[in-house]
2 protein chains.
Amino acid sequence: MDDPGPAEGTSGPRRWESHGRQPRSQATQDALLDSAEALFASAGIDATAVTDVALGAKRSIGSLYHHFQNKETLVLAVVDRVLRDLEAVIETPLKPSHWHGLGIPDIVRNYVQTALAIERSRPGYKRILVEVGLHDAQTLSAYKRFRRRLDGGLTQLLLDRRENIGHPDPDTAARFAVDQLSAMLWARLDRVMTPTQLEDCDDEAFTAEAIASVNAYLRLRE
Amino acid sequence: MDDPGPAEGTSGPRRWESHGRQPRSQATQDALLDSAEALFASAGIDATAVTDVALGAKRSIGSLYHHFQNKETLVLAVVDRVLRDLEAVIETPLKPSHWHGLGIPDIVRNYVQTALAIERSRPGYKRILVEVGLHDAQTLSAYKRFRRRLDGGLTQLLLDRRENIGHPDPDTAARFAVDQLSAMLWARLDRVMTPTQLEDCDDEAFTAEAIASVNAYLRLRE
DNA sequence: ATTATCTATAGATCTATAGATAATGC
DNA sequence: ATTATCTATAGATCTATAGATAATGC
């Protein structure tokens, strides 16, 4: 009854790996992950039964358990895929060379637009990360690492232009401005639970006010 | 096996009422609600078994079901109590007469401090509201009504002082500023899932920067 | 007599496995 | 021969109830 096992997977960088040796194996894993991510995002993880995941992927429950050791492994695989995709998306825009010759308003505008676009293309991913992160320490730290990379990278881009910042304490101001921008975006993206008074204003007007707010707080110099 | 019942409770304003006719009945209900709220806030609702709620309240599972029709009723009772308490707390500070002769910075400072104090005294209430609100439409609308009352009330307090607002569109600016303030606070209060770059700065410094940001964006005139 | 509480357990739901069947690739 | 998939179901967990026992208040 025990499961001594080789205790693999806890030492490697990633907690889940594909072991398929036939092409259809990958297709099934993708279908299961797609189904799981969609159901987790809309109904929540606890409320989603693994049989429903298999059903949504047009596979059997036995096939699901052939690919994933248990429900937790499936959940972590979904989280890994989401975080890996997000990290790939933010990598290029965080490079200083990508913004050579451009100013803080350009950077802020792109940040806001990119965040809005990600949510549209992958609705509800945040819900999954939160639900898992509240229980699993490894997911929580991976998620925080992603947020630190994103917020820290943006802060650095602003500080690279500190000669344009009139605020008496540019370092603190840059961090506060980025925190505020992130918070605003996450509130706007969470259309379900966070009511905002600017729900009916369109993305363009929202972006314009966000830029105006950052500029005013930083006391931006042209 | 059916439960025709008098179909009561769906028409009244509140979905759950105490039916106890002995003093100890109220004490048991309070103990069960306290236990439930604490467990729901720390572990989540789905992850909390009703037997654990009874255990935490030092009551039996049979006693729990004597007071609450089912788990959902218990959850809604907890939510009702949280929202009722929150509504009572914000009522006085939202009255215009409460701020006679005082300016926007005073109002913002009090708003930030009150929000921080509420979270400290009732840790994790937000998690309960979110988890229930994602599934229950009635809780979602009750929660949104609370947020609208809070954010809308604060916006009105700012607009009562529109002669001090230099922003070309004071109505939009007031709503944006309040949205931004709320978002910042909720991010700071959610110490678990929302990493911020100002985590290590204390409440006083955070409050000062929040006021500075609002003032700069609104182009506040003294 | 009524209300509240308890213990014990039925019933429902979900996760995970066993073992048979089908498809793939050397 | 190996890998992938399927059906059927065992086992675990949680919600909810039945029925007995204890406490309260007229």
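Each chain gets a letter, A, B and so on, in the order its sequence line appears, and its residues count up from 1.
- One can place CG of A:Asp46 at 11 Å from C1' of C:dC14, the figure rounded to the nearest angstrom.
- The side chain of B:His67 has C:dT5 as its nearest neighbour among C:dT5, C:dT15, D:dA16.
- Contact between the side-chain N/O atoms of B:His66 and the OP1/OP2 oxygens of D:dT17 is not found at any separation under 4.0 Å.
- With C:dC6, D:dT5, D:dA16 as the choices, the nucleotide that has an atom nearest any side-chain atom of B:Asn70 turns out to be D:dA16.
- What separates CG of A:Asp52 from C1' of C:dT13 is a distance of 11 Å, to the nearest Å.
- Closest to the side chain of B:Ser60, out of D:dA16, D:dT7, C:dT5, is C:dT5.
- Among the nucleotides C:dC6, D:dC6, D:dT24, the one closest to any side-chain atom of B:Arg24 is D:dT24.
- Here the C1' atom of nucleotide C:dG25 and the CD atom of A:Gln26 are 18 Å apart, to the nearest Å.
- Among the nucleotides C:dC6, C:dA4, C:dT15, the one closest to any side-chain atom of B:Ser63 is C:dC6.
- Between the side chain of B:Ser35 and the main chain of B:Val53, a donor-acceptor pair closer than 3.5 Å is present.
- Figure legend. C:dA23 is base-paired to D:dT2; pairs are counted as Watson-Crick or G-U wobble with both atom distances under 3.5 Å.
- Considering only the side chain of B:Ser25, C:dA4 comes nearest among C:dC14, D:dT15, C:dA4.
- For the pair B:Tyr65 and D:dA16, the criterion of a side-chain N or O lying under 4.0 Å from OP1 or OP2 is met.
- The partner of C:dA8, taking Watson-Crick or G-U wobble pairs whose two distances both stay under 3.5 Å, is D:dT17.
- Going from atom CZ of A:Arg59 over to atom C1' of D:dC6 covers 12 Å, rounded to whole Å.
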Open item on the list: Evaluate A:Glu209 against B:Thr172 for side chain to side chain donor-acceptor pair (under 3.5 Å), listing each step before the verdict.
Closed with: CA-CA 9 Å; A:Glu209 284 307 308; B:Thr172 298; over 6 Å; no
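- Both A:Ile61 and B:Ile61 sit near DNA chain D, but only A:Ile61 has its closest nucleotide nearer the 5' end.
- Between the CG atom of A:Leu55 and the C1' atom of D:dT5 there is a distance of 15 Å, given to the nearest Å.
- Using cut-offs of 30° and 60° for the angle between ring planes, the A:Trp186 and A:Tyr125 rings count as perpendicular.
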Open item on the list: What verdict does the side chain to side chain donor-acceptor pair (under 3.5 Å) test give for B:Tyr111 and B:Ser182, after you've listed the backbone C-alpha separation in whole Å, the side-chain angles of each residue and the deciding distance to 0.1 Å?
Closed with: CA-CA 9 Å; B:Tyr111 176 73; B:Ser182 290; 3.0 Å; yes
